[in-house]
Visitor: 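Take a look at this one; I'll ask things after.
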Amino acid sequence: ATLRLIIDNLCNEGQVNAALSLFQEMIDRGFKPKIVTYKKLIHGLCIFGQCKTALTLFEEMLEKSISVDVRTFNVLVDALCKDQRTDEAFQLFELMLQQGKKPDVITYNTLIHGLCMSDQLNNAIKLFENMISLGVLPNADTYSSLIDAICKKGMVEHGEELLETVITKGAKPNIYTHNALIEGYCLQGKLERAARVFDTMVGRGHEPDIFSYTILINGYCKAKRLDDAVHLLKIMNSTGLKPDTLTYNSLIDGLHKDGRVFAAQELFKDMQDCGQSPN
RNA sequence: CCGAUCAUGCCGGA
């Protein structure tokens, strides 16, 4: 029990390797590891990019016919997706089904996002339809991932359409969903539309976050509407929301490319006065 | 019952 506690804590502190060797020692001494210990280790390993070792542990669990829960499957599926190994993620997904585990909304979200990230939007949409037909209700995360991918492909209108559709079905878009749309319009240079989504979001009761502002500010910068960008920064400041390095980077870059070198330098000073260090 | 299981922003390089 003591060893187990130590391993748990090491995982939480990011010392997975230490945890792993303790785990080995535990087995060598003839202790039987608890299932939670496996789970913690797999999770810890995935977070710190040691997907391979995590999979080894996972296989060990299978060999010992320890039942792997949905949550642990999800952790592994996510790690594989983040590693651009969607094929293997889907193999795990299949395995999950074989083991009689029901993939939940998080499993689907993870896979959908993985597909979007590996430029397989069509497959993502198929999976989305699939989950619905299997009775797994998509949530705001699901829509956000999809809408974001659609917008990044330059199809904001489709993104907004999808949003309208799901709203009529009773889904509630959240700040991620709106931010995705705002970015979509910015990418198309449709700043008025972007600003409108921003306002709609506020109207729906979602306070814009640092992402919302940075996305829109960046949009104005890219559209060479530097005055609007600077104005929005002022508004942002007045709400008490602190622009971070990325927000300033957008503006400084925009000002530079617009030949407003002096203003850029001023802003660079402001940024440091506000405690944001350049990256 | 509990647990860091999923989603959004800048520039540049190759």
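Labels below follow one simple rule: chain letters A, B, ... track the order of the sequence lines, proteins then strands, and each chain is numbered from 1. As the structure is a computational prediction, the values presented were derived from the model and not from experiment. Basis for what follows: all heavy atoms, side chains included, without hydrogens, waters or symmetry-related copies.
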Visitor: By the 4.0 Å heavy-atom rule, please label A:Ile210 as base, sugar-phosphate, or nothing.
Guide: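 Base contact - A:Ile210 has a heavy atom under 4.0 Å of at least one base atom.
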Visitor: Reckon A:Asp244 touches a base, only the sugar-phosphate, or nothing at all at heavy-atom distances under 4.0 Å?
Guide: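 Touches a base.
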Visitor: Looking for any heavy atom pair under 4.0 Å, which part of the strands does A:Ile106 touch: base, sugar-phosphate only, or nothing?
Guide: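 Answer is base: heavy atoms of A:Ile106 come under 4.0 Å of a base.
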Visitor: Verify the neighbour count for atom NZ of A:Lys172: are there more than 12 heavy atoms of other residues, nucleotides or ligands below 6.0 Å?
Guide: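 Open.
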Visitor: Distance-only, no hydrogens or angles: does the A:Ser65 side chain make a donor-acceptor pair with backbone N or O of A:Leu62 under 3.5 Å?
Guide: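 Here the side-chain-to-backbone pair does not exist.
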Visitor: For A:Lys64, I'd like to know if atom NZ has over 12 heavy atoms of other residues, nucleotides or ligands within 6.0 Å.
Guide: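 Enclosed: over 12 neighbouring heavy atoms sit under 6.0 Å from NZ of A:Lys64.
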Visitor: First contact, last contact: which nucleotides of RNA chain B are these for chain A, 5' to 3', heavy-atom distance under 4.0 Å?
Guide: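 Nucleotide range in contact with chain A: B:G3 to B:G12.
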Visitor: Determine whether a donor-acceptor pair (N or O, by modelled atom type, separation under 3.5 Å) exists between the side chain of A:Asp83 and the backbone of A:Arg85.
Guide: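 Not at all, since once roles are kept as given, no pair shorter than 3.5 Å links the two residues.
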Visitor: Heavy atoms only, 4.0 Å cut-off, all strands: where does A:Asp141 land among base, sugar-phosphate and nothing?
Guide: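 Since a base atom lies under 4.0 Å of A:Asp141, the category is base.
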Visitor: Taking A:Asp258 for its side chain and A:Arg260 for its backbone only, find out whether a donor-acceptor pair lies under 3.5 Å.
Guide: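 Not a single qualifying donor-acceptor pair exists.
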Visitor: What side-chain donor-acceptor pairs closer than 3.5 Å can you find for residues 203-210 of chain A, not counting sequence neighbours?
Guide:
residue	atom	partner	partner atom	Å
A:Arg204	NH1	A:His178	NE2	2.9
A:His206	NE2	A:Pro173	O	3.1
A:Asp209	OD1	A:Asn179	ND2	3.3
A:Asp209	OD1	A:Phe211	N	3.0
A:Asp209	OD1	A:Ser212	N	2.8
A:Asp209	OD1	A:Ser212	OG	2.8

Visitor: With a non-hydrogen cut-off below 4.0 angstrom, is A:Thr142 in contact with a base, only sugar-phosphate, or nothing?
Guide: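 No contact at all - A:Thr142 keeps every heavy atom at 4.0 Å or more from the nucleic acid.
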Visitor: Classify the nucleic acid contact of A:Thr214 as base, sugar-phosphate or nothing, counting any heavy atom under 4.0 Å across all strands shown.
Guide: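 Base, at least one base heavy atom under 4.0 Å.
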Visitor: Contact class for A:Lys40 vs. all strands (heavy atom < 4.0 Å): base, sugar-phosphate, or nothing?
Guide: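 Nothing, no heavy atom under 4.0 Å.
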Visitor: Just call it for A:Ser144: base, sugar-phosphate, or nothing, with non-hydrogen atoms closer than 4.0 Å on any strand.
Guide: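 Base, at least one base atom sits under 4.0 Å.
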Visitor: Base, sugar-phosphate, or nothing for A:His43, non-hydrogen atoms under 4.0 angstrom?
Guide: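 Sugar-phosphate contact only.
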